[in-house]
Amino acid sequence: MAEDEKQYKRLNPRRRVFIPCHLAWQDHRVSGTTVDVSYTGVAVSLPRPQEVQWKEAVIHIPDGIVLRALPVYVQPRVDSQRAGFKVILIESGSREWAKLCYVPQW
């Protein structure tokens, strides 16, 4: 096991954030909040339960970050739901995405 994996139990550690975002899939568009990021994944909180039938989503985050991602899980919450995605392509803003996902190693 690599040293990074021992310390964080994952190759790309998560970083908690609170950043508005927009999701688009098929003919749907919805606003949400990015709640955590890693270089290969992102979790988004959606304000109300959505009927989730997406196979792939495009996630727009400020600073020109556009991600193409596949859904991994959907967790219903009381007044919202949380959806986790695996990033399959950074369409734009790769440098900004790397900065956002950076977790310092102590």
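These values consider heavy atoms only, across backbone and side chains, with no hydrogens, waters or symmetry-generated copies. All values derive from a computational prediction rather than experimental measurement.
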Trainee: Taking all heavy atoms of Pro13 and all of Ser38, pick out the closest pair and write down the distance.
Mentor: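 Nearest pair, atom of Pro13 first, then Ser38: O-CB, 3.5 Å.
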
Trainee: Check Pro47 against Gly32 and note the closest heavy-atom contact, atom names and distance.
Mentor: CD-CA, 4.3 Å

Trainee: Can you tell me how far apart CD1 (Ile61) and CG (Leu100) are? Round to the nearest 0.5 Å.
Mentor: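 Ile61 CD1 to Leu100 CG: 6.5 Å, rounded to 0.5 Å.
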
Trainee: NE2 of His60: more than 12 outside heavy atoms within 6.0 angstrom?
Mentor: yes

Trainee: Please examine the side chains of Arg82 and Asp36, heavy atoms only from C-beta on, and report whether any two atoms are closer than 4.5 Å.
Mentor: yes

Trainee: Would you say that Val66 contacts Ile59 through its side chain, given a criterion of any heavy-atom pair below 4.5 Å between the two side chains?
Mentor: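 No, every pair of side-chain atoms sits at 4.5 Å or beyond.
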
Trainee: Stepwise, does the side-chain contact (heavy atoms from CB on, under 4.5 Å) test hold for Ser80 with Leu46?
Mentor: CA-CA 6 Å; Ser80 65; Leu46 302 171; 5.9 Å; no

Trainee: Which atom pair, heavy atoms only, marks the closest approach of Tyr39 to Trp97?
Mentor: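 Closest pair (atom of Tyr39, atom of Trp97, distance): O-NE1, 3.2 Å.
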
Trainee: Under the side-chain contact (heavy atoms from CB on, under 4.5 Å) rule, what do Thr33 and Ile19 come out as? Steps first, then yes or no, please.
Mentor: CA-CA 5 Å; Thr33 304; Ile19 301 171; 5.9 Å; no

Trainee: Show me the side-chain donor-acceptor pairs of residues 85-96 shorter than 3.5 Å, one per line, residues at least two apart or across chains.
Mentor:
from: Glu91; atom 1: OE2; to: Arg68; atom 2: NE; distance (Å): 2.6
from: Glu91; atom 1: OE2; to: Arg68; atom 2: NH2; distance (Å): 2.5
from: Ser92; atom 1: OG; to: Gly64; atom 2: O; distance (Å): 2.9

Trainee: Just so I know, are the side chains of Val44 and Cys21 near enough to count as touching, which here means a heavy-atom distance under 4.5 Å?
Mentor: yes

Trainee: Please find the pair of heavy atoms, one from Trp25 and one from Glu56, that lie closest to each other, and give the distance.
Mentor: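 Minimum heavy-atom separation between Trp25 and Glu56: CB-O, 3.4 Å.
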
Trainee: Calculate, to the nearest 0.5 Å, the distance between atoms OG1 and CZ belonging to Thr34 and Arg16 respectively.
Mentor: 13.5 Å

Trainee: With a sphere of 6.0 Å drawn around CZ of Phe18, does it hold more than 12 non-hydrogen atoms of other residues, nucleotides or ligands?
Mentor: no

Trainee: Can you find a heavy atom in the side chain of Val58 that is under 4.5 Å from one in the side chain of Leu67?
Mentor: no

